[in-house]
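Just so we're on the same page: letters track the sequence lines, and every chain starts at 1.
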Number of protein chains: 2
Amino acid sequence: MTTRLDAFDLHILKIVQANNLATHRAIAEEVNLSTPAVARRLQRMRSEGVIWKDVSIVRPEEVGNRMTIIVNVAVESEAIEQLDAVKHRFFRCPQIQQCYYVTGEADFVLIMSVKDMTEYEALTRSLFFEAGNVKHFYTAVAMHRVKVSMEIPVGKDA
Amino acid sequence: MTTRLDAFDLHILKIVQANNLATHRAIAEEVNLSTPAVARRLQRMRSEGVIWKDVSIVRPEEVGNRMTIIVNVAVESEAIEQLDAVKHRFFRCPQIQQCYYVTGEADFVLIMSVKDMTEYEALTRSLFFEAGNVKHFYTAVAMHRVKVSMEIPVGKDA
DNA sequence: CGTGAAAAATGTTTCGG
DNA sequence: CCGAAACATTTTTCACG
């Protein structure tokens, strides 16, 4: 929060969070600004890290990665060293899309994208059993991805 | 999976999943193809829905001190009607970024982005208590977002 | 289907307010 | 810091292998 964002910035963010391929002209028209103004603001927000990434999102079904699995993991030791080791292991696994370190009964929540249960089972072995420091884990299979987004509410509903 | 994707397509997907602002020329160079070839493949994958969205991802910290909260929700009735009502309610809530309908003890897993605990508490009231059909819910606060991505493994690790 | 060179559109830079 | 016009890219189109 080192940066101050005005109403124009927030409006632009709202747009590019939904579609970052929108042309500067189209954005400029919607927010009532000139093309270079929009370009400057986008460039600033990208260099300052307000916008931290620009990505395409693909449908899992289309590339053969079919199942989404949500795993709650509890660790044995919460010593910093051990915890960092676990975090790194999770971070480096491509099938783990998201990993949150959380309060409460579980220590980690993982969101994974795997091809099938066979692949998942193999991963549980290498990630949870063999690697150590995992007390127990609870697996939930996603039957329906009701909503999948990275959008952050800005403006009126923020 | 109506479409067949060749090695070039997968390679391109890998790139744009990390950065969809990469120029066609840069992509072409990396995958050893001509610029228009890359353009055609991208256009095809977008029209066919393999690439289903192109978005900017913003840092939550930069748009107001935001917290990520993971909620497990169990419903009373799993009748289709009631379930759809709940899904729609969750889908329409801007603070709910992700919603999965899952097997197991909980019925839904929600990933929420809220400004503070006050906002979260207000949402729990309107989403869980007043709206009905929610048996119980379990709240976990994310202390650290270890990994946050929508990337799907393609190619060698898929 | 992929390639390479033209046209159209987009993004960027330079200025003066 | 914004906006208008010149400038440089990129994207697209098209004829051809």
Side-chain angles (χ1 to χ4, degrees), chain A residues 1-59 61-64 150-152 154-156 158, chain B residues 1-59 61-64 150-152 154-156 158:
Chain A
M1 225 203 334
T2 78
T3 323
R4 210 96 222 103
L5 301 172
D6 63 13
F8 285 119
D9 293 323
L10 294 179
H11 197 166
I12 292 171
L13 279 183
K14 183 154 199 156
I15 296 170
V16 295
Q17 277 193 115
N19 173 24
N20 76 333
L21 263 39
T23 65
H24 293 170
R25 178 158 19 177
I27 299 172
E29 214 165 284
E30 181 154 347
V31 305
N32 290 317
L33 233 54
S34 72
T35 309
V38 171
R40 270 195 295 265
R41 284 163 182 273
L42 278 172
Q43 185 180 329
R44 195 191 68 220
M45 291 196 283
R46 290 202 167 101
S47 74
E48 287 176 351
V50 176
I51 296 175
W52 97 284
K53 239 177 168 193
D54 290 272
V55 301
S56 296
I57 297 176
V58 327
R59 289 199 142 96
E61 318 88 86
E62 304 282 347
V63 293
M150 286 276 139
E151 281 184 52
I152 289 167
V154 291
K156 52 180 199 288
Chain B
M1 221 178 4
T2 76
T3 323
R4 210 93 221 104
L5 302 172
D6 63 14
F8 287 118
D9 292 322
L10 294 179
H11 198 165
I12 292 171
L13 280 183
K14 183 153 200 156
I15 295 171
V16 295
Q17 278 193 115
N19 173 25
N20 76 334
L21 263 39
T23 66
H24 293 169
R25 174 153 41 173
I27 298 172
E29 213 165 283
E30 181 153 347
V31 304
N32 291 316
L33 233 54
S34 71
T35 307
V38 171
R40 267 197 299 269
R41 284 164 183 272
L42 278 172
Q43 186 178 325
R44 195 189 65 220
M45 291 194 284
R46 290 202 166 101
S47 74
E48 287 176 350
V50 177
I51 295 175
W52 102 284
K53 236 175 171 199
D54 290 272
V55 301
S56 296
I57 296 177
V58 328
R59 290 197 140 97
E61 317 88 86
E62 303 284 346
V63 292
M150 286 277 139
E151 282 185 52
I152 288 166
V154 292
K156 55 178 203 292

Handout entry: For the student: nearest non-hydrogen atoms of Glu62(B) and Val50(A), plus distance
Key = CG-CA, 3.9 Å

Exercise for the section: State, to 0.1 Å, how close Ile15(A) and Ala22(A) come at their nearest heavy-atom pair, and which atoms those are. Expected result: CG2-CB, 4.5 Å

Problem - Test: Glu30(B) and Lys14(B) ion pair at under 4.0 Å - result: no

In this structure, how many angstroms lie between the [atom2] atom of [N] and the [atom1] atom of [X], rounded?
X: Leu21(B); N: dT10(D); atom1: CG; atom2: C1'; answer: 12 Å
X: Ile12(A); N: dG11(C); atom1: CD1; atom2: C1'; answer: 15 Å
X: Gln43(A); N: dG11(C); atom1: CD; atom2: C1'; answer: 11 Å
X: Leu42(B); N: dT11(D); atom1: CG; atom2: P; answer: 9 Å
X: Leu5(A); N: dC1(D); atom1: CG; atom2: C1'; answer: 16 Å
X: Leu33(A); N: dC2(D); atom1: CG; atom2: C1'; answer: 8 Å
X: Glu29(A); N: dA9(C); atom1: CD; atom2: C1'; answer: 15 Å
X: Asp9(A); N: dC1(D); atom1: CG; atom2: P; answer: 10 Å

Problem - Under 3.5 Å donor-acceptor pair, Arg25(A) side-chain atoms to dG11(C) base atoms - result: no

Which of these nucleotides, [options], is closest to any side-chain atom of [X]?
X: Pro36(A); options: dT11(D), dT3(C), dT13(C); answer: dT13(C)
X: Arg41(A); options: dT10(C), dC2(D), dT12(C); answer: dC2(D)
X: Arg40(B); options: dT3(C), dT12(D), dT10(C); answer: dT3(C)
X: Ala37(A); options: dT3(C), dT10(D), dG3(D); answer: dG3(D)

Problem - Distance (rounded to the nearest 0.5 Å) between Asp9(A) CG and Arg44(A) CZ - result: 4.5 Å

